[in-house]
Amino acid sequence: MNDWHVKHEVVHRSLGFDHRGIETLQIKAGDWDSIAVILYVYGYNYLRSQCAYDVAPGGSLASVYHLTRIQYGIDNPEEVCIKVFAQKDNPRIPSVLWIWRSADFQERESYDMVGISYDNHPRLKRILMPESWIGWPLRKDYITPNFYEIQDAH
């Protein structure tokens, strides 16, 4: 995959390969929407998963996309992992919901837990936490409230 990006002059940085030989690429947030279209056209039409995490306290946030290209059958799929980083003070990344519909709930969960705003997502609101919840529970600098209100507990 990296060779293809170099050949087509797509701005990226290779972060290496995992234990299964799947390459991880770092993409700038400003380039993500156009690169996502290129990947889709190239055949990566299946978003297997999307998640987000806090890289380090005071550092950046990452949105991770696992894409699969099934060209000649499911026995030999090509996969790539894309990491898009955003600064904590204004974490904004273009939404890819309009390319891969399966990004809908996954981007909402990343917003709810980590606080990344996905630009142009039509329903970006909390999905797991109550709308009134303050903060982003999976950030490393999150301070846990002293109490939890349990609603509808039986």
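Source: prediction; values computed, not measured. FYI, side chains are in, hydrogens and waters are out, and symmetry mates aren't considered; it's all heavy atoms of this structure.
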Under a 4.5 Å cut-off applied to non-hydrogen side-chain atoms, are [X] and [Y] in contact?
{"X": "Cys81", "Y": "Val64", "value": "yes"}
{"X": "Lys88", "Y": "Asp141", "value": "yes"}
{"X": "Met113", "Y": "Met129", "value": "yes"}
{"X": "Lys140", "Y": "Val55", "value": "no"}
{"X": "Pro77", "Y": "Arg48", "value": "no"}
{"X": "Phe17", "Y": "Thr24", "value": "no"}
{"X": "Leu67", "Y": "Leu47", "value": "yes"}
{"X": "Val80", "Y": "Tyr44", "value": "yes"}

Is Gln26 reaching over with its side chain to a backbone N or O of Leu15, donor-acceptor style, under 3.5 angstrom?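 Such a contact is absent between Gln26 side chain and Leu15 backbone.
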
Is there a donor-acceptor pair closer than 3.5 Å between any side-chain N or O of Arg108 and the backbone N or O of Leu124? no

Go through the structure and list residues passing salt bridge (Lys or Arg N to Asp or Glu O under 4.0 Å) with Lys83, not counting sequence neighbours. none

Using the test side chain to side chain contact (heavy atoms under 4.5 Å, CB included), find all partners of Arg101 that sit at least two apart in sequence or belong to another chain.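 With sequence neighbours excluded, Arg101 shows a side chain to side chain contact (heavy atoms under 4.5 Å, CB included) to Leu97, Arg123, given in chain and number order.
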
With sequence neighbours excluded, what pairs up with Asp119 under the side chain to side chain contact (heavy atoms under 4.5 Å, CB included) test? Arg92

Check whether the ring centres of Tyr65 and Trp32 lie less than 6.0 Å apart, and answer yes or no. yes

Quick one: are the ring centres of Trp136 and Tyr111 less than 6.0 Å apart?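 Centroid distance Trp136-Tyr111: below 6.0 Å, so yes.
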
Tell me yes or no: between the side chains of Gln50 and Tyr118, is some donor less than 3.5 Å from an acceptor? yes

